Amino acid sequence: MKIFKKNIEIQRVAYHMSVPVLYDMINLHQKMNNKTTLTQGIWLQKNYHNLATYFLVDELRDTINTTIQTILKKPKHVRMVHKLTEDYTNKYFNSSREIEKENLEKISDSKLINVYKKWMYWTNKHHGPAITTTWFIDSDGEDFSKLLLNLTENIIKRNSSKLSTAEVFSELTTPERISMDIKEEIESLKIVRLIQNNKKAQKIFKQKNVEKVKSNLDQIDIKLKNKLVKHYKKWLWMPYTYIGPAYDLDYYLMAWSGLIREKVDAKKHINKLQNMGKVAKSKKEELYKQLSMSPKEIELFAIASEIIYLKSYRKSAMFYACFVLEKIHKEIGKRLNISLKQVRFIATWEMEEAINKNYFSEHELNERIKFSLLHQKGLKGTIYTGVKAKAFLKKQKFEKEKIIKTNNLNGTPACPGKTKGVVKIINCPEDMVKMEKDDVMVALTTYPALLPAMKKASAIITDDGGITCHAAIVARELKTPCIVGTKIATKVLKDGDKVEVDADNGIVKILK
Amino acid sequence: MKKLIKKFTQITKKDVDIAGGKGASLGEMIQAKIPVPPGFVILAGAFDRFIKENELEGEITKHLKEINFDDVNSVTKASAVINDFINDAPIQEDLAKDILGDFKKLKTKFVAVRSSATAEDSEIASWAGELDTFLNTTEKTLLTNVKKCWASLFTPRAIFYRQEKGLIDSHVSVAVVIQEMVESEISGICFTVHPVTEDRSQMIIEAGYGLGEAIVSGSVTPDSYIIDKTDMSLADINISEQNKKIIKCLKEGVKWVNIPKIKADKQKLSGKEIIELAKICMEIEKHYKKPQDIEWLIKNNKFYITQSRPITTL
């Protein structure tokens with residue numbers, strides 16, 4: 001009997017994302033391993049939440065093992081597929097940029113369909129080829145991270161070195177290219193410099209009240225003001241994830257005003273961020289020499305860094321695309337007389353007919369929102385609702401989830417360091433009000449909208465894992481101790497718990 | 001003698017002092033070509049004449065004066081006594097004849113009979129909702145229900161309210177709206193400005209099965225739809241399962257009935273209908289130049305507006 005196993009659980013999402021992604025996973029993963037290892041997946045949806053995503057346990061394990069073998073045996077092929085994925089992702093970005101410029105209000109239904117299809121084309125295609133390396137290998141017990149961690153340990157032992165495993169591991173896997181988030185931060189700090197060098201602007205931004213800053217904006221030199229607005233328009237999508245919201249201008253005004261009042265040394269920070277890649281590279285090279293690493297080992301860590309970079313890049317591309325999609329969805333909603341939320345529950349394969357008819361059953365969409373599932377089998381996706389969904393699930397066999405009771409949590413050290421603090425569970429932007437400086441942030445997983453909380457945290461702990469997850473990447477950029485892949489941290493810990501975090505060894509101790 | 005009955009088509013918003021807030025608003029909407037079920041208003045003067053010619057004024061004043069407001073029983077008692085006086089007194093023959101005559105002209109079996117208070121103080125208008133409404137009234141009970149509407153000026157609730165507002169001694173009167181009863185399949189309310197967020201670019205429509213009283217009284221949780229007024233798009237839709245509804249009985253009055261499971265969790269209005277209704281409500285808001293609190297219903301795919309008043313809480 002085939003058994004399904006839980007693989008992902010995503011917050012704030014709908015079928016506009018899962019339909020193309022599941023299609024992508026099942027039908028394009030072959031590119032990496034030249035072999036079909038996944039044939040089907042089940043996505044459970046309730047309201048805006050993905051309750052769980054399942055794959056067949058045998059297929060999932062086969063996918064992971066085959067991919068790791070490919071990385072070990074055919075590194076050149078892996079890097080070629082990564083290159084291809086990056087190329088697709090570039091095209092995905094460009095296509096979204098073009099769509100963002102479209103004026104959709106007055107175009108005909110058939111033109112609107114074309115815009116939608118253009119959006120769908122790269123969404124369906126962009127990350128499938130590298131899905132096995134950028135998602136699956138660390139999605140079921142962090143196989144790849146553990147392999148690299150063991151290898152790091154062996155290398156250190158072999159050299160009788162006194163270096164810490166966590167630190168070496170972290171340095172060896174840090175990408176040499178900076179992420180979109182860092183790019184934005186550099187540009188944002190450049191704006192801060194411009195404000196600091198302009199007396200009038202500085203005075204305006206020194207005000208604590210953002211409303212006052214906003215109402216005084218017109219007094220600023222027009223060139224500078226245009227730059228502020230341009231920055232906001234260029235980057236507002238960053239926290240969008242799948243259903244938004246994007247940043248508003250207030251967010252940036254508040255952020256800049258805060259940095260101005262803190263008298264931040266923008267130049268120093270810019271230099272540091274700009275040099276991150278170079279620093280990472282030279283540290284790596286130093287370690288290669290110091291630990292007499294073999295070309296094969298070096299290649300393996302290079303691939304790991306590449307995966308981390310690529311994963312973050314393709315996510316940014318998808319967030320931007322989802323931000324742009326909102327505009328298309330709103331126009332479709334207007335023509336079909338349905339809400340944005342309802343449009344997000346129409347599957348990609350249904351959209352053309354819906355636009356042509358200017359109709360889609362509201363009841364069906366409401367049922368999907370209430371509870372439904374997507375079953376992707378090969379090329380064919382099917383959505384079930386209500387009793388049919390329940391009947392479908394009854395026919396399948398699922399692996400039981402184990403919950404362990406413990407005072408200690410274990411996970412993978414993603415960024416070294418030790419600290420103590422008070423736990424705050426942060427799963428969505430609304431939770432962030434709880435977060436105070438130096439609290440320990442605990443989350444199912446993290447994404448850009450949670451960045452303000454991550455910046456306040458003295459340590460970050462997640463259920464989801466892998467050195468390639470968002471939490472791990474950000475923690476390393478922030479140099480915040482971070483443990484990922486605990487699987488159960490959000491279930492074992494609760495707000496107010498005092499914990500000791502040892503991110504050198506991946507251990508969280510609950511202090512009573 | 002001055003005419004004491006006017007058709008909706010003869011009334012405008014300037015007639016609040018004779019037709020009451022509700023009556024004047026219905027007339028005004030008809031003038032503005034808003035789909036309102038037809039009807040007429042028994043003007044406040046009819047009530048005044050009824051009181052005067054039956055010599056009830058002295059009795060009413062006397063009983064109101066005797067109330068001790070610290071004692072709920074004394075309010076209830078005065079209310080019951082005044083109520084009896086009104087019920088026992090006859091409506092003048094010529095007036096009764098006119099009311100029944102205009103009723104026949106409506107060519108409908110059932111009407112809704114609603115109180116529509118008038119007073120010097122405009123605040124009184126906002127307690128119109130506190131007065132009584134009798135749905136599904138037939139020719140047989142029409143006059144009784146008109147008198148019940150008149151008496152509703154003196155329910156314990158109304159007396160308390162007037163005392164609280166310091167209006168107990170001022171002259172109040174009541175008109176009665178007689179309106180063709182359109183048995184709604186779906187009905188509800190609309191606030192042309194979101195009442196919670198007070199966002200003027202959004203309106204909210206609530207919809208439920210059956211007669212509107214179920215929603216107005218808060219007995220069922222309706223669907224709610226939020227409309228972005230800037231481009232007439234649907235900003236949000238929330239479906240609420242509805243298991244029972246109020247319908248009119250075959251003969252007289254109303255009753256609760258169960259809704260079949262298959263219908264209970266459906267979206268009450270289609271998206272197209274929501275936008276059509278939103279456009280009507282926009283028209284009403286535009287006409288009055290003020291945010292409105294509107295009651296509406298739909299029958300045989302046609303929308304009717306049964307009431308509109310300004311939102312006073314903004």
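Keep in mind that what you see is a predicted model, and the values were worked out from it rather than measured. Letters go in sequence order (proteins before strands), and every chain restarts at 1.
Heavy-atom distances place the side chain of A:E367, and not its backbone, under 4.5 Å from chain B. Contact of A:K370 with chain B is made through the side chain alone, with heavy-atom distances under 4.5 Å.
Residue B:K107 places its NZ atom among 12 or fewer non-hydrogen atoms of other residues, nucleotides or ligands, all under 6.0 Å distant. Atom CD of A:Q396 has more than 12 neighbouring heavy atoms from other residues, nucleotides or ligands inside a 6.0 Å radius. No more than 12 heavy atoms of other residues, nucleotides or ligands shown are found within 6.0 angstrom of CG on B:N301. Heavy atoms of other residues, nucleotides or ligands lying less than 6.0 angstrom from NZ of A:K327 number more than 12.
Put simply, CD1 on B:I237 and CG on A:N366 are 6.5 Å apart, with the number rounded to the nearest 0.5 Å.
Highest contact tally toward chain A, considering only B:I275, B:D265, B:D228, B:I239, is held by B:D265 [criterion: heavy-atom pairs under 4.5 Å]. For the options B:I226, B:I274, B:D236, B:D231, heavy-atom pairs under 4.5 Å to chain A are most numerous at B:D231.
Annotation: side chain to side chain contact (heavy atoms under 4.5 Å, CB included) contacts of A:K388 (sequence neighbours excluded): A:Y384.
A side chain to side chain contact (heavy atoms under 4.5 Å, CB included) with A:E362 is found for one member of B:K272, B:K266, B:Q267 and no other, namely B:Q267.
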